[in-house]
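In this chain, residues are counted from 1 in sequence order.
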Amino acid sequence: MDPENEDLPQYEHIFQNEFSYRKHKKQKEEDIAICECKFDFSDPHSTCGERCLNVLTSTECTPGYCPCGVYCKNQKFQKCQYARVTLFKTEGRGWGLLAAAYIKTGQFIVEYCGEVISWKEAKRRSQAYENQGLKDAFIISLNGPESIDATKKGNLARFINHSSPSALNSQLLVSLVCSQPNCETRKWTVLGEIRVGIFAKEDIPIGTELAYDYNFEWYGGAKVRCLCGALNCSGFLGAKSRGFQEDTYLWEDDDERYSVEKIPLYDSAEDEPATKLLKAVNLNSENDVNTKSEQSITMDVNLKSKHQLESTIDTVPMEGVDVNTLKIESPKDINLYSQDAQQAFSQKNAMISRIRSNSACRNYHIRSGPMLKKKSQHYSNGKLKHLSKKQIDLKHLAKLLASKEAQEEVFRYEEMKNEAASQLASLYNDIRPAIEEHERDNQDSVSTSVAEKWIEASCSKLKIEFDFHSSILRNIVCTPQKACEQVKPCEPEGHGGNNDTEVKLEF
Ligand SMILES: C[S@@+](CC[C@H](N)C(=O)[O-])C[C@H]1O[C@@H](n2cnc3c(N)ncnc32)[C@H](O)[C@@H]1O
């Protein structure tokens, strides 16, 4: 092996996620999302594109069900339609990926593949890797209860480094002093499973390093000092991620051992001689694996068969890469919104349009049942405080209403309100077994029919609560005249007054 490439990472190259702790979900027919696109030969844009209902809701079309058939363009994860990228050696940040061809804004670059594991297992592995002295972390969050671990099995996405978004307003200054995330992760539903893709946030010229913000996605590992250079960088990789925060202060905020200052630092810059030249690794395709050059190796991620990178490196073709053409990102647009917020917003909009169109079957995500969780608020130290809703003493209140009809009305509404609440609770109980099966503490994917029932039940509950409260208010408003006639004005407590006559409303 070329001594220059001796330290090439060893991992098993896989082409789709592997499931060890649970089975791959089988998509039920009723859950298949079918779009309304129709392919017209005279219009190449007619096949599933930006306006496709599935694309709008980040869902890939299911082969055999898409009306565009073989012309469907919305199966990029399934068909591994990746961008061309190049593996290269950075200064101080290990290996990284460069764009090997021009990448357009929004383009799907590569799927983040690895082993799908439970969140508990992610915690366990992260600790174990750290104990084994592994400095590079490869576990990212997939959804609430699951993570993807690309440490031992993964694909090229595992080499994309982190950079923090800068709060600088001047684009010129930003491009001079620091790198910027030019990619972002997005979650897509593919054949019933959630998958993570790396997408271009902006146009990326050839030779530019790819980077995204690990902050919300990353799951711990050794705490690594970030060398991205952004002025408002949090200083550590993934410092805003759940893993990092749990390790440091969210769980144990009063425990000295978890204060950020006490965290041992791994500074990858210490491993790398600063003068070391950038090397690019070029693995064009497995057909070209027999020639070498001394400067670079380019890797086309559209590899067609499973192989170990380690065994391929010996025989890969090398191409000269002009190190001067490599550059650290200079963004066209600086976006100050968090990636999660943007994604949530666009997905919500897409979901609303989908529900309005009422045309397709798909999975919806529902948060845990309102009756089963107390309302909570975060203290500034990250801990939760529970807020309990004040109850109305209806019997007491009814005594104060003007007529028997008014009293009956509020009691009727109260009964309906309780019924709506218990319907919603029993619906939640129907969904619970599926959640508990995977030790999930929140609801992940539920079938469309359940989701629709859930939405309907939640709406009825809200409506009836509104009717109940407005009935009370309406009847109270009609009461004062009678109250004035029949009830003596109340005196302050402790002055012999009759407190029963006070109308206290606390919602
Ligand atoms: C997903 S890996 C990225 C590929 C990695 N550079 C390699 O050689 O395998 C994440 C690891 O890369 C390194 N890394 C990524 N971005 C970095 C940054 N901005 N500053 C310092 N180290 C970084 C850290 O060691 C981190 O744990």
Side-chain angles (χ1 to χ4, degrees), residues 4-11 13 82-103 109-114 134-138 140 150-151 154-165 175 178-185 198-202 204-215 217-218 221-222 224-230 233 237-238 266-284 295-301 309-310 313 316 318-319 321-331:
E4 291 283 300
N5 297 322
E6 256 169 18
D7 60 342
L8 272 172
Q10 300 191 3
Y11 72 100
H13 197 93
Y82 303 156
R84 281 177 59 80
V85 295
T86 300
L87 190 59
F88 82 113
K89 192 79 195 246
T90 69
E91 280 191 35
R93 293 170 296 124
W95 295 88
L97 279 194
L98 299 172
Y102 191 82
I103 298 176
I109 297 174
V110 61
E111 176 174 359
Y112 193 99
C113 288
L134 284 183
K135 291 162 181 173
D136 291 324
F138 297 94
I140 68 168
T151 312
N155 66 351
L156 286 188
R158 74 194 285 289
F159 293 109
I160 303 179
N161 285 318
H162 159 86
S163 87
S164 311
S175 61
C178 59
S179 65
Q180 279 285 295
N182 50 9
C183 302
E184 63 188 5
T185 56
I198 312 289
F199 289 78
K201 279 178 79 174
E202 58 191 57
I204 306 175
I206 185 166
T208 308
E209 180 174 1
L210 305 178
Y212 65 93
D213 183 0
Y214 288 180
N215 270 338
E217 305 293 338
W218 214 246
V224 176
R225 191 182 300 155
C226 182
L227 302 174
C228 77
C233 171
L237 293 194
Y266 157 57
D267 185 343
S268 46
E270 286 158 14
D271 290 352
E272 312 287 341
T275 52
K276 204 167 175 178
L277 276 182
L278 292 177
K279 294 179 296 170
V281 183
N282 188 356
L283 298 173
N284 246 338
Q295 286 278 321
S296 67
I297 309 172
T298 301
M299 182 173 278
D300 183 343
V301 291
L309 177 61
E310 182 202 359
I313 287 304
V316 288
M318 304 280 209
E319 251 173 41
V321 164
D322 179 3
V323 176
N324 298 323
T325 64
L326 305 180
K327 61 170 188 150
I328 303 292
E329 276 261 50
S330 68

So, taking the atom named OG1 in Thr86 and the one named CZ in Phe159, what distance separates them when rounded to the nearest 0.5 Å?
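Rounded to the nearest 0.5 Å, the OG1-CZ separation comes to 13.0 Å.
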Side chain to side chain donor-acceptor pair (under 3.5 Å) involving Asn161 - partner list, sequence neighbours excluded:
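Expected list: Glu209.
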What is the minimum heavy-atom distance between [X] and [Y], and which atoms define it?
{"X": "Tyr82", "Y": "Val110", "value": "CD2-CA, 3.7 Å"}
{"X": "Thr90", "Y": "Gly96", "value": "CG2-N, 4.0 Å"}
{"X": "Ile140", "Y": "Tyr212", "value": "CG2-OH, 4.2 Å"}
{"X": "Trp95", "Y": "Lys89", "value": "CE2-CD, 3.6 Å"}
{"X": "Cys183", "Y": "Lys201", "value": "O-CD, 3.3 Å"}
{"X": "Ile109", "Y": "Phe199", "value": "CD1-C, 4.0 Å"}

Side-chain touch [X]/[Y], heavy atoms, less than 4.5 angstrom:
{"X": "Leu156", "Y": "His13", "result": "yes"}
{"X": "Ile198", "Y": "Ile160", "result": "yes"}
{"X": "Leu98", "Y": "Val85", "result": "no"}

Are any side-chain N or O atoms of Asp213 and backbone N or O atoms of Pro181, one a donor and one an acceptor, separated by less than 3.5 Å?
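No.
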